[in-house]
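Structure, as C-alpha cells:
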2 protein chains.
Amino acid sequence: MVKRTSFEGDACPIARSLEAIGDWWSLLIIREALFGVRRFGEFQSKLGMAKNILAVRLRALVDHGILATAPASDGSAYQEYVLTPKGRGTFPILVALRQWSEAFDDHPEEIATILVDREKGRPVRKLELRAEDGRLLSPADTTLKPRPAPRRRSA
Amino acid sequence: MVKRTSFEGDACPIARSLEAIGDWWSLLIIREALFGVRRFGEFQSKLGMAKNILAVRLRALVDHGILATAPASDGSAYQEYVLTPKGRGTFPILVALRQWSEAFDDHPEEIATILVDREKGRPVRKLELRAEDGRLLSPADTTLKPRPAPRRRSA
DNA sequence: GGCACATGGTTTTATGATGCAACCACACAA
DNA sequence: TTGTGTGGTTGCATCATAAAACCATGTGCC
C-alpha cells in the first residue's frame, strides 16, 4: 500500500487535525466559507480549482463535520455548504497562518489584505500563547504531558 | 501543466503560508524540530516516513528559510537541521491546530498529550484573537481591508 | 591502513492524487 | 421544446508519494 499515510489513529492532535484539514485546498475552502461563500460554483470560481476535486473536498469536509449541507436559502432548489461550529473553530488556525505570513514572508508587499476588527477598522492583535496565570509563553516555556486518564464513574 | 497549483504569487497570506508548510509532512517535521529533533535519522524514525520524501521536505524547508543546516554540534561531521526564527514562528500555528483537535475531535480520548506551561505544569490557555483595545473577536467581528500602500520616501 | 557498520542520503519503480476537459443531470425560463 | 446555467461525474494525462533497493561517506575498532 502506498496510501497517502493516514494519521487517523495517531495520538498527536496536530497529526489528527492535519488528517482533516491538512491538504492544499481544505483550508482555502474554509477560508472562503468564513467569508460567507456557500455555493459550489462560488467556491469553484473564487478558488479557481478543478470541479472534481472541489466536489471531493467538499464531501470530505462534510464527512469530517466541518461543513454541512443546507437544503437551500435563496429559493433555488440547490444545496449550500455552511460551516458547522467545528468549521468555525478553525478560525484561529487561519489567523495564525495569516500572521505567520505577515511576520515572515519574504515578499510581504505582495500580501494584499490585512485582518481588522470590524468595529474599529484597526488591525487585530497577534495571537499569543499564555499560561493559565497569564504569563506569555514561548515554545521553550512549554512542554507536553501525557493526557490524564479520563475519570470513569466506576473507578 | 498540471503542476500542483502553486500559490507562490497569490495575494492571500493564508495561501502563501500553505505554499511553504501546507503539505502533509512539513508541519510534523517542524513539530519534531520544536521538540529538539535535529538529525535526519531522528526525523525519519520518529515520523516513520520514507527517507526520500524526508530529504525532499527538508530541502524545501531549508529553501523556505524555515530550517537551516548547521555543520555539526555533537562532534560528528554530519549536518543538522535547526529551526530558524521563521521556523519557530510557526509555533502558534501548531498550537492552534492542537487546540482545534482538542476542542472538536470526534475521539478526543485518543489524544495522548496535553500542552502545558513548563514552569507550573498547568495546561495553557486557549489562543484567542483580540482587537487592539483588547476586545475578544469572533470571526464575525473581523473583516479584511486592503493593505495600505507602503510609504515610500519620495511620496 | 583496512574492515564492518552506521548515517545520510539517491535511484527505481509502483500507485495514489491532481488537473483539465468533456460529458451528464437537473432546474428553470421562454 | 429548446436553451441556458448550476452542480456535479467521468476519463485520461501528469505529478507526487511511498517503499525498497542501492550507494557514498564517515566512524569505530583492530
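Because the structure is predicted, anything quoted here is derived from the model rather than measured. Proteins get letters first, then strands, A, B, ... in listed order; numbering begins at 1 in each.
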Would you find a donor on one side and an acceptor on the other, under 3.5 Å apart, between the side chain of B:Arg147 and the backbone of A:Ala112? no

Side-chain heavy atoms under 4.5 Å apart, restricted to Ile/Leu/Val/Met/Phe/Trp/Tyr: what other residues fall into the cluster of B:Leu136, or is it alone? none

Rounded to whole angstrom units, what separation is found between the CD1 atom of B:Ile53 and the C1' atom of C:dA17? 14 Å

Starting at the 5' end of nucleotides 3-9 of chain C, put B wherever the base has a protein heavy atom under 4.0 Å, S where only the sugar-phosphate does, and a dash everywhere else. ---BBBB

Under the side-chain hydrogen bond (donor to acceptor under 3.5 Å, both in side chains) test, which residues partner A:Glu32, sequence neighbours left out? none

Nucleotide D:dG7, atom C1' - distance to CZ of A:Arg57 in whole Å: 18 Å

Does A:Trp25 make a side-chain N or O approach to OP1 or OP2 of C:dG19 shorter than 4.0 Å? yes

Taking salt bridge (charged side-chain N to carboxylate O under 4.0 Å, His left out) as the test, write out the residues that go with B:Arg59, two or more places apart. none

What integer distance in Å separates A:Lys46:NZ from D:dG7:P? 14 Å

N/O donor to acceptor pairs below 3.5 angstrom from side-chain atoms of residues 85-98 of chain B, sequence neighbours left out:
{"unit_1": "B:Lys86", "atom_1": "NZ", "unit_2": "B:His64", "atom_2": "O", "d": "2.9"}
{"unit_1": "B:Arg88", "atom_1": "NH1", "unit_2": "B:Leu83", "atom_2": "O", "d": "3.3"}
{"unit_1": "B:Thr90", "atom_1": "OG1", "unit_2": "B:Gly87", "atom_2": "O", "d": "2.7"}
{"unit_1": "B:Arg98", "atom_1": "NH1", "unit_2": "B:Glu102", "atom_2": "OE2", "d": "3.4"}
{"unit_1": "B:Arg98", "atom_1": "NH1", "unit_2": "B:Thr113", "atom_2": "O", "d": "3.1"}
{"unit_1": "B:Arg98", "atom_1": "NH2", "unit_2": "B:Thr113", "atom_2": "OG1", "d": "3.0"}

Of all residues at least two apart in sequence or in a different chain, which pass the side-chain hydrogen bond (donor to acceptor under 3.5 Å, both in side chains) check with B:Thr69? none

Rounded to the nearest angstrom, tell me the gap between atom CG in A:Leu47 and atom C1' in D:dG8. 16 Å

